[in-house]
Number of protein chains: 2
Amino acid sequence: MSSQVLHVHALKTACSNCSVLELCLPIGLTGGEVERLDTLIAQRVKVKKGAALYRTGDPLRSLYAVRLGFFKTSILSTDGREQITGFQMQGEMLGLDAISTDHYACTAIALEDSEVCPLPFTLLEKLARDLPSLQHNLNKLMSREIVRDHSMLLLMGNMNADERLAAFLLNLSQRLNMRGYSSREFVLRMSREAIGSYLGLRLETICRGIAHLREEELVDMHGRNVTILDLSGLKQKVAGCHRHSEQ
Amino acid sequence: MSSQVLHVHALKTACSNCSVLELCLPIGLTGGEVERLDTLIAQRVKVKKGAALYRTGDPLRSLYAVRLGFFKTSILSTDGREQITGFQMQGEMLGLDAISTDHYACTAIALEDSEVCPLPFTLLEKLARDLPSLQHNLNKLMSREIVRDHSMLLLMGNMNADERLAAFLLNLSQRLNMRGYSSREFVLRMSREAIGSYLGLRLETICRGIAHLREEELVDMHGRNVTILDLSGLKQKVAGCHRHSEQ
DNA sequence: CCGACGCATTGAGCTAAATCAACAAGGGCG
DNA sequence: CGCCCTTGTTGATTTAGCTCAATGCGTCGG
């Protein structure tokens, strides 16, 4: 684990009074079950903006639930180019890719000062044996990540730049909305380059895409401040997937 | 489940004498544990070439282990375009994406006459509670799929056509090799168009890529017959990811 | 054996996005 | 406050891969 990661001794963790209880691993668990899950989390961990929570190749110790803040996960190609595989916000899980080999496959970097709940994986697996609904939640979480990745493959394989950008903004909007934030106005936590890496485009293409969406009066953007002007218009843009439809 | 799916009543299933035992879900399980897993599989299921094992939206009943044959899984964009999300061969699992919503997110089509072992999911989850190593295997399987998908995102986001094709052929070669087949000579089960859909390219581009690899004497291909002439050369091609490396 | 159909190949031109380049706009810090 | 450095924007040009089109090949059925 990176040296820039700080432990929070002061507060005793408690899923039960966490703001993202209903989005996170404990979803649907009874009070007693949540308490048992709490016992796994020795202490929350703070990660400073720009610091790594873990890096590719580190041995798997814990899965991490994002308590607050924002992360990116990325992998490196053999020649050192970065592919961002996801952005994670509150209530989302980090480290699922490490279960396969007992080593993290990607690097997780905080995009702002963040806080995570470490779930020691061996303990979590043990507890999950006792709590079927916890196991089921974990299964669902992994499956959801698979579905998400497949939809990213669809995006990369079949959408043009503007459609990808629209899909990206809509996805953020929707996830923020689920967390009680505005779906119309929000602040991006990542650079144009990071968006580009995520969507398989160059940063200049992202800028131009933004210009197009602005011209069409679908969104308004100043730097990282986003205002969605026409939600259904954006959705239409994504729906009409590009490649010359054949009927 | 599709009507073209036939049940095999004759043979009692038995993981213990399955050819892909050591690659499939039972990996690392004790004899007794494998026997208990066997009890889940009421009967193997044959799927004819071109038939669907399940379709997007079908309710999740079972995960399926491919016993023999070859499948493709695909999702549809809103405008009806197909993105192939994977090709599955013996010992690989189908249906993991359905756990998330209790409905299959993709459609699984047999690319040749195939046979699968259905694992009723609720029973599998129950059994996994009793058999920690089964649960662990299931977790690993899901995690591995996530890692695989991330490497596909890297491919789509950062590799040019020839590199994608080389990576695809190497991946097939390696998986066939693990199953005791030649890593140098094999037969493709899918059309150029399907390869293209999988790699985010058009079929013509696949053809041209093949021509390039032939010119470079890395592979020889006649129709769907593949001979890899220079394995390390192919690997080099994938390694040297495209986009103008900046030092 | 022949025709038809699906699949594969190859060519020619077009286009969306990459690349290269110049410049603007914040934002943190001395 | 002004400077520097990072991040974002926009323009000009290039190019990889798409589209359209013609042709080849293999196999299946009659």
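Per chain, numbering begins at 1; letters A, B, ... match sequence-line order.
- Taking only side-chain atoms of Arg214(B), from C-beta outward, the nucleotide of dT10(D), dA16(D), dT9(C) with the closest atom is dT9(C).
- At least one side-chain heavy atom of Leu201(A) sits less than 4.5 Å from a side-chain heavy atom of Arg164(A).
- Atom CD of Glu163(B) and atom P of dA16(D) are 12 Å apart (whole Å).
- Per the geometry, CE belonging to Met190(A) stands 15 Å off C1' belonging to dG8(D), to the nearest Å.
- Between Asp113(A) and Lys49(A), none of the side-chain N atoms (NZ, or NE/NH1/NH2) sits under 4.0 Å from a carboxylate O, so this pair counts as no salt bridge.
- The CD1-P distance, from Ile195(A) to dG8(D), rounds to 8 Å in whole Å.
- With respect to the salt-bridge test (charged N to carboxylate O, under 4.0 angstrom), the residues Arg179(A) and Glu92(A) qualify.
- If you check dT7(D), dT9(C), dG17(D) against the side chain of Thr205(B), the one that comes closest is dG17(D).
- Ion pairing of Glu204(B) with Arg192(B) is absent here, as no side-chain N (NZ or NE/NH1/NH2) approaches a carboxylate O to less than 4.0 Å.
- We find that NE2 of His222(A) is positioned 9 Å from P of dG26(C), with the value rounded to whole Å.
- Leu165(B) has its CG atom 17 Å from the P atom of dA16(D), to the nearest Å.
- Separating the CZ atom of Arg192(B) from the P atom of dG17(D) is a distance of 18 Å, rounded to the nearest angstrom.
- Remark: the Arg224(B) side chain and the dG26(D) base include no donor-acceptor N/O pair separated by less than 3.5 Å.
- As a whole-Å value, the separation of Asn160(B) CG from dA18(C) P is 13 Å.
- At a cut-off of 3.5 angstrom, the base of dC20(C) holds at least one donor-acceptor pair with the side chain of Glu204(A).
- Rounded to an integer number of Å, the gap from CG of Leu203(B) to C1' of dA22(D) is 14 Å.
- Taking only side-chain nitrogens and oxygens, Arg202(B) comes nearer than 4.0 Å to OP1 or OP2 of dT19(D).
- Arg208(A) has no carboxylate O lying under 4.0 Å from a charged side-chain N of Glu215(A), or vice versa, which leaves the two without a salt bridge.
- Relative to the side chain of Arg208(B), the nucleotides dT9(C), dA16(D), dG11(C) differ in distance, and dG11(C) lies closest.
- Closest to the side chain of Leu201(B), out of dT9(D), dG17(D), dT10(C), is dG17(D).
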